[in-house]
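Labels below follow one simple rule: chain letters A, B, ... track the order of the sequence lines, proteins then strands, and each chain is numbered from 1.
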Amino acid sequence: MTSNGEATEIFRTIADLLDLLGEKFKPEAYRRAARSLESLTEDLGAVAARHELRSIPGVGEAIEEKIEEYLRTGSVSYYERLKREIPAGLVDLMRLPGLGPKTARRFWVELGVEGPSELRDAIAAGRLVGMKGFGEKKIEQIRSALDSAAAGPGTSSRRPIEEVYPIAHALVAALRGSTGADRVEVAGSFRRARETVGDLDILVTSKDPAKAFEVFTAHPLVGEVKMRGETKETVVLRDGLQVDLRVVRPEEFGAALQYFTGSKDHNVRIRSLARERGLKVNEYGVFRGEERVAGATEEEVYGCLGLAWIPPELREGRGEVEAAAHGALAPLVAEADLRGDLHVHLSPEARTDELEQAIAEARARRYRYLGVVVAGVLGDGRAWRLPEATRSKLRELAPSGIQMLRGLETGPGPVPSELASVPFDFRIRRPTTDRAVPPSAPDGSPPPVLIAHVGSSVASDAAALTHWVEFARRDRAAIEVGPGAERLDSTAGRQALDAGVRIHLPTGLSAGPEDPARVVALGLARRAGARPDAVANARSESGVSGASSGSGPGPPKRSSRDPPRSRSGTKPPP
DNA sequence: GCCGTTTTCGGCCCGACTGTTTTCAGTCG
């Protein structure tokens, strides 16, 4: 684990332990610091070396000292002391659904229970019966939570957003297609395009809430109904994902969407800003005293706090509220900005019809260029190339103004001799293994325009990531950001952007229109704070010069002919 | 424990829901 990751875990556990001690505000302070460390784009040691730990949101004097102690010694004495005081099993108990720190602490104090297995024994021995606040139902609930926990991590863990995307799409489509719901939006971390999603929050307006719940509950994906109130229903899907449906009134929809989109840190900032202005914000609206002054749209809610509307992908409490207050939010890249794709992979034996299909899709999206990977080296070092017929078809198939380019994808180092005869317009580089570190100086072969297949194992290794970003900066190459283990996530993407490196987004051309990769990649790019001009394939020019086979392409150039940027899209997935 | 363009002290989001209650505590998001 990286030092950032390990420090995050330490502070998160400190928060839980302090919760068990009944501390009121400290746990939240440690959690806030943990969240900040988790999303830090840089190695903690580097920040500490510059004496800038205090600039991290939620890190003050005390936590700064603990981080320094951790970096120096590998442990935090305060944490070690808490662990000696409080049995580790209590943390497991309070993390069970339906149990919290108060209940776990009572089991410890009143029953001497120190962990899940002892609690199971206590229940079996009937020792919970008669405890104040514990009826038959509550005890059964706990027993069931213990059983599910024993069965494995299962349902409570977060999953990749690209995996959840089709599910969200299906549920939203069903609700939109019914008479039970008018407006339907997914809120939560899904709308913020977080890499992983723990559950789905769906918000609807409805003239007939009962009908909305009925349509939702009857959906084939839904397994069991966990809870149902007048305005809210919680279900667990057959695959274990939890989904909340909330029905709100139209005049409250914007406030509810804002509220349930979060993040928590963002909302805390919004609320304290409102308080400073004598206003109150909740999920029903913005209020001055009893009077509602906003609520129907998010724009209204932000507007009456003196803020520009903030894209959901930025709502993490990392300074976006202050930026919005000063009108300093830059427009983010949007779907309409995409102009092409420099990384179209066809299957190795692709026939011309597969190529034609990708071009038809590109034409439908009005792309201006397409870089098709015609040959390359796989991660395991084996060379491959598209069939000769497909390669020679490339230029013929571009009658409608789409510039067709041939890409060669290789590892660091010179072009392998077995690929030397393949004509190409531009080069893509990939690490030969996930951990491969690129050469520190140019090796004489054409510089790549794109660095791709830089995977999650690089992103989680601060030194390797810094190295690849520096490599991209030196060669003025773009680096690919998107879902999946072979692309950078938004945190790594932000680091690349901070270093002045452009990113390239997958467009899912050859995977068909339903492929979530494009929408998800766009969300991650926006989350990284990417403006249109920082996205290599959101430019009118391909960034690949001329067609001189085998010669090096020029570095991506800034174009003064780029049309004015479209207004940054506000449309959340799906 | 953190934080401040009214504060260096005194705040810290707040409402729904559940299960257990004669009016509320705990959990969750």
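Within the nucleic acid shown, A:Glu61 comes within 4.0 Å of sugar-phosphate atoms alone, with no base atom in reach, counting heavy atoms only. Note on A:Arg228: only backbone sugar-phosphate atoms sit closer than 4.0 angstrom, heavy atoms only; bases stay farther off. Nucleic acid contact class of A:Glu230 (heavy atoms, under 4.0 Å, all strands): sugar-phosphate only. When heavy atoms are screened at a 4.0 angstrom cut-off, A:Lys66 is found touching the sugar-phosphate backbone but no base atom. Residue-level contact check: A:Glu64 touches neither bases nor backbone, having no heavy atom under 4.0 Å from any strand.
B:dT22 and B:dC17: their P atoms are spaced 22 Å apart (whole Å). Between B:dG10 and B:dA16, the distance separating the two C1' atoms is 29 Å to the nearest Å. For the C1' atom pair drawn from B:dT8 and B:dC2, the interatomic distance equals 12 Å after rounding to whole Å. With both ends at atom P, the span from B:dC14 to B:dC9 equals 24 Å, rounded to whole Å. If you take atom P in B:dT20 and the same atom in B:dC28, they sit 16 Å apart, rounded to whole Å.
Considering only side-chain N and O atoms, A:Tyr284 lies nowhere under 4.0 angstrom from the phosphate OP1 or OP2 of B:dC13.
Salt bridge annotation for A:Glu38-A:Arg35: absent, with no cationic side-chain nitrogen under 4.0 angstrom from a carboxylate oxygen. A salt bridge does not link A:Glu320 with A:Arg192: none of the charged nitrogens is closer than 4.0 Å to a carboxylate oxygen.
There is no side-chain donor-acceptor pair under 3.5 Å between A:Arg194 and A:Ser189. A donor-acceptor pair shorter than 3.5 Å cannot be found between the side chains of A:Glu80 and A:Ser75. Using modelled atom types, one finds no donor on one side chain facing an acceptor on the other under 3.5 Å when comparing A:Glu42 with A:Asn4. With no hydrogens or angles considered, no side-chain donor-acceptor pair links A:Gln242 and A:Thr234 at under 3.5 Å.
Ranked by how close their nearest DNA chain B nucleotide is to the 5' end, A:Asn282 and A:Lys137 are led by A:Asn282.
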Q: Start with the C-alpha gap between A:Asp147 and A:Arg120, add the side-chain angles, then the distance that decides, and say whether salt bridge (charged side-chain N to carboxylate O under 4.0 Å, His left out) holds.
A: CA-CA 9 Å; A:Asp147 286 346; A:Arg120 193 185 302 274; 2.9 Å; yes
Q: Scan nucleotides 22-29 of chain B nucleotide by nucleotide, 5' to 3', and note B when protein non-hydrogen atoms come under 4.0 Å of the base, S if they reach only the sugar-phosphate, - if neither.
A: ----SSSB
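Residue-nucleotide stacking is not present for A:Phe25 and B:dC2, judged by a side-chain ring centre under 5.5 Å from the six-membered base ring centre and planes under 30° apart.
The aromatic rings of A:Phe134 and A:Phe107 are tilted relative to each other, their planes meeting at an angle between 30° and 60°.
Of the candidate nucleotides B:dG1, B:dC13, B:dG15, B:dG1 has the atom nearest to the side chain of A:Tyr30. The A:Lys26 side chain lies nearest to B:dG1 when the options are B:dC3, B:dG1, B:dA16. Distances from the side chain of A:Ala62 to the nucleotides B:dG15, B:dC2, B:dT18 place B:dC2 closest. The side chain of A:Thr231 lies closest to B:dA16 when the candidates are B:dG15, B:dA16, B:dC13. Checked against B:dG1, B:dC3, B:dG15, the side chain of A:Lys280 finds its nearest nucleotide in B:dG15. Nearest nucleotide to the side chain of A:Met227, out of B:dG1, B:dC13, B:dT18: B:dT18.
Pairing of B:dC12, defined by two Watson-Crick or G-U wobble distances under 3.5 Å, is identified with B:dG1.
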